[in-house]
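Worksheet for the structure shown next.
Below, chains carry the letters A, B, ... as their sequence lines are ordered, and counting in each starts from 1. Keep in mind the model is a prediction, meaning the values are calculated, not measured.
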Number of protein chains: 2
Amino acid sequence: MTMSATQAEACPIVQVIDRVAGKWSVSILIAATRAPVRYTELEREVPGISRRMLTLTLRNLERDGLLTRKVYPTVPPKVEYSATDGARELYAHLVGLTEWAQRHQPDIIAARAAYDQAQLADAETGA
Amino acid sequence: MTMSATQAEACPIVQVIDRVAGKWSVSILIAATRAPVRYTELEREVPGISRRMLTLTLRNLERDGLLTRKVYPTVPPKVEYSATDGARELYAHLVGLTEWAQRHQPDIIAARAAYDQAQLADAETGA
DNA sequence: CTGTATCCTAGTGGATACTG
DNA sequence: CAGTATCCACTAGGATACAG
């Protein structure tokens, strides 16, 4: 995802890809689609994410209307993030992609191995 | 897309996103799905792409088995890129996302405007 | 025509100290 | 708890000269 505020982009596929392409967007979306999650929960459920990126990604998803942020004015504060209906709909489409990925995972691994093997052979021939 | 050779990644959604998330992957995939395309044709059909990124993206898509590269040993050389069956299947799924994006485009624009407006108001209050 | 090699910039993302 | 601010590293990506 381009984190900067990209202006109107022609191709709608590119738009949706941009919205979801960040390193963390999907993971956060999945978590928030299952149930409302708190900031610290996300830190745990999305292993490896930094505070900075967690906040940044949350803000972007919220800005795009994919997540809602609910603050409980308690002490200590409690904040819950939930997926909106739009996000849930989007997620349903992403599941289609998941299935494609799972079906083709062996193919892709094989394709890569074959490609890398061919490159290696070429390099040796050249040397 | 992470251009570097990422090793086995757990979540299949992330895999597919990574494969398609580059700034140019989708545009190239679309062009090559319509019909076999030559290098120079792509340079024209994908406006704004640099030679470097065109080659890089083509190689990555080829490595993942989404594109095939056919070289005609003529003078001057002729090279055609075509989408594989796997890529066509993937593209079909991407169309679902397109439709989502088109349906929700107004919502997203509105959500962003509202969010930015709220931020602006907060900033003024704070100042 | 179809690339590759090189140099450069901007932005993504990581680590972490600090705060209400 | 839920962030924000700061500094830093890496790499995606652009421009372009050169080559088979």
Side-chain angles (χ1 to χ4, degrees), chain A residues 1-7 14 17-28 31-32 36-62 67-82 119 122-123 125-126, chain B residues 1-6 14 17-28 31-32 36-63 67-82 119 122-123 125-126:
Chain A
M1 165 167 37
T2 310
M3 288 297 183
S4 59
T6 39
Q7 73 291 12
V14 175
I17 292 292
D18 264 16
R19 195 149 299 109
V20 144
K23 196 173 178 184
W24 309 107
S25 303
V26 175
S27 308
I28 292 177
V37 272
R38 301 180 60 173
Y39 190 90
T40 315
E41 285 181 298
L42 283 170
E43 255 187 303
R44 277 195 303 271
E45 290 188 31
V46 183
I49 193 169
S50 66
R51 273 195 169 68
R52 184 184 129 86
M53 286 317 295
L54 178 53
T55 301
L56 223 52
T57 309
L58 284 170
R59 293 293 172 273
N60 274 301
L61 292 173
E62 188 193 354
L67 244 46
T68 57
R69 177 172 179 273
K70 173 145 199 199
V71 183
Y72 298 86
T74 58
V75 166
K78 171 179 172 181
V79 179
E80 273 186 353
Y81 294 92
S82 323
Q119 291 315 93
D122 289 359
T125 304
Chain B
M1 168 169 33
T2 310
M3 288 296 182
S4 59
T6 39
V14 174
I17 292 292
D18 264 15
R19 194 148 300 109
V20 144
K23 196 174 178 182
W24 308 109
S25 303
V26 175
S27 309
I28 292 177
V37 272
R38 299 181 60 173
Y39 191 89
T40 314
E41 285 181 297
L42 283 169
E43 254 187 306
R44 277 195 304 272
E45 289 187 32
V46 183
I49 194 169
S50 65
R51 271 193 171 68
R52 183 184 130 84
M53 286 317 294
L54 178 52
T55 302
L56 221 50
T57 309
L58 284 171
R59 293 293 173 272
N60 275 300
L61 292 174
E62 189 194 354
R63 188 170 107 98
L67 244 48
T68 57
R69 179 172 178 271
K70 172 146 199 197
V71 184
Y72 298 87
T74 59
V75 167
K78 174 179 171 181
V79 178
E80 272 185 354
Y81 294 92
S82 323
Q119 292 315 97
D122 289 359
T125 303

Checklist line | From A/Glu43 atom CD to A/Thr55 atom OG1, the distance as rounded to the nearest 0.5 Å | finding: 8.0 Å
Check: Hey, are the side chains of A/Leu56 and A/Met53 touching, using non-hydrogen atoms and a 4.5 Å cut-off?
Finding: yes
Notebook entry, point to check: Where the side chain of B/Val79 is concerned, which of C/dG3, D/dG20, D/dA2 is the nearest nucleotide?
Noted result: C/dG3
Note to self: Expressed as a whole number of angstroms, how long is the span from B/Glu43:CD to D/dG14:C1'?
What the structure shows: 13 Å
Notebook entry, point to check: When you measure from the side chain of A/Arg52, which nucleotide among C/dG14, C/dT2, D/dG14 comes out closest?
Noted result: C/dG14
Next item on the list: Round to a whole Å and report the spacing from CG of A/Leu56 to P of D/dA2.
Entry: 18 Å
Checklist line | Student check: side-chain heavy atoms of B/Leu61 and B/Ile28 closer than 4.5 Å | finding: yes
Next item on the list: Looking at every strand, decide which applies to B/Tyr81 at a 4.0 Å heavy-atom threshold: base, sugar-phosphate, or nothing.
Entry: sugar-phosphate
Note to self: Expressed as a whole number of angstroms, how long is the span from A/Trp24:CH2 to C/dG13:C1'?
What the structure shows: 9 Å
Margin query: Using 0.5 Å steps for rounding, measure from the OG1 atom of A/Thr40 to the CD atom of A/Glu45.
Written below: 11.0 Å
Checklist line | Whole-Å gap separating C1' (C/dT12) and NZ (A/Lys23) | finding: 9 Å
Next item on the list: Specify the separation, in whole Å, of atom OH of A/Tyr72 and atom P of D/dC1.
Entry: 17 Å
Notebook entry, point to check: Got a donor-acceptor contact below 3.5 angstrom from the A/Ser25 side chain to the A/Ala21 backbone?
Noted result: no
Notebook entry, point to check: Expressed in angstrom and rounded to an integer, what is the separation of A/Leu58 atom CG from D/dC1 atom P?
Noted result: 16 Å
Checklist line | Whole angstrom value for the distance that separates C1' of C/dC7 from CZ of B/Arg51 | finding: 17 Å
Next item on the list: May I ask you to verify if any side-chain N or O of A/Ser50 is less than 4.0 angstrom from the OP1 or OP2 atom of C/dG13?
Entry: no
Next item on the list: Would you indicate what B/Thr55 reaches in the nucleic acid, counting non-hydrogen atoms under 4.0 angstrom: base, sugar-phosphate, or nothing?
Entry: base
Notebook entry, point to check: To the side chain of A/Met53, which of D/dG20, C/dG14, D/dC1 is closest?
Noted result: C/dG14
Notebook entry, point to check: Would you say A/Arg59 reaches D/dG3's phosphate, i.e. side-chain N/O to OP1/OP2 under 4.0 Å?
Noted result: yes
Next item on the list: Let me know the distance between CZ of A/Arg44 and C1' of D/dA2, rounded to the nearest Å.
Entry: 13 Å
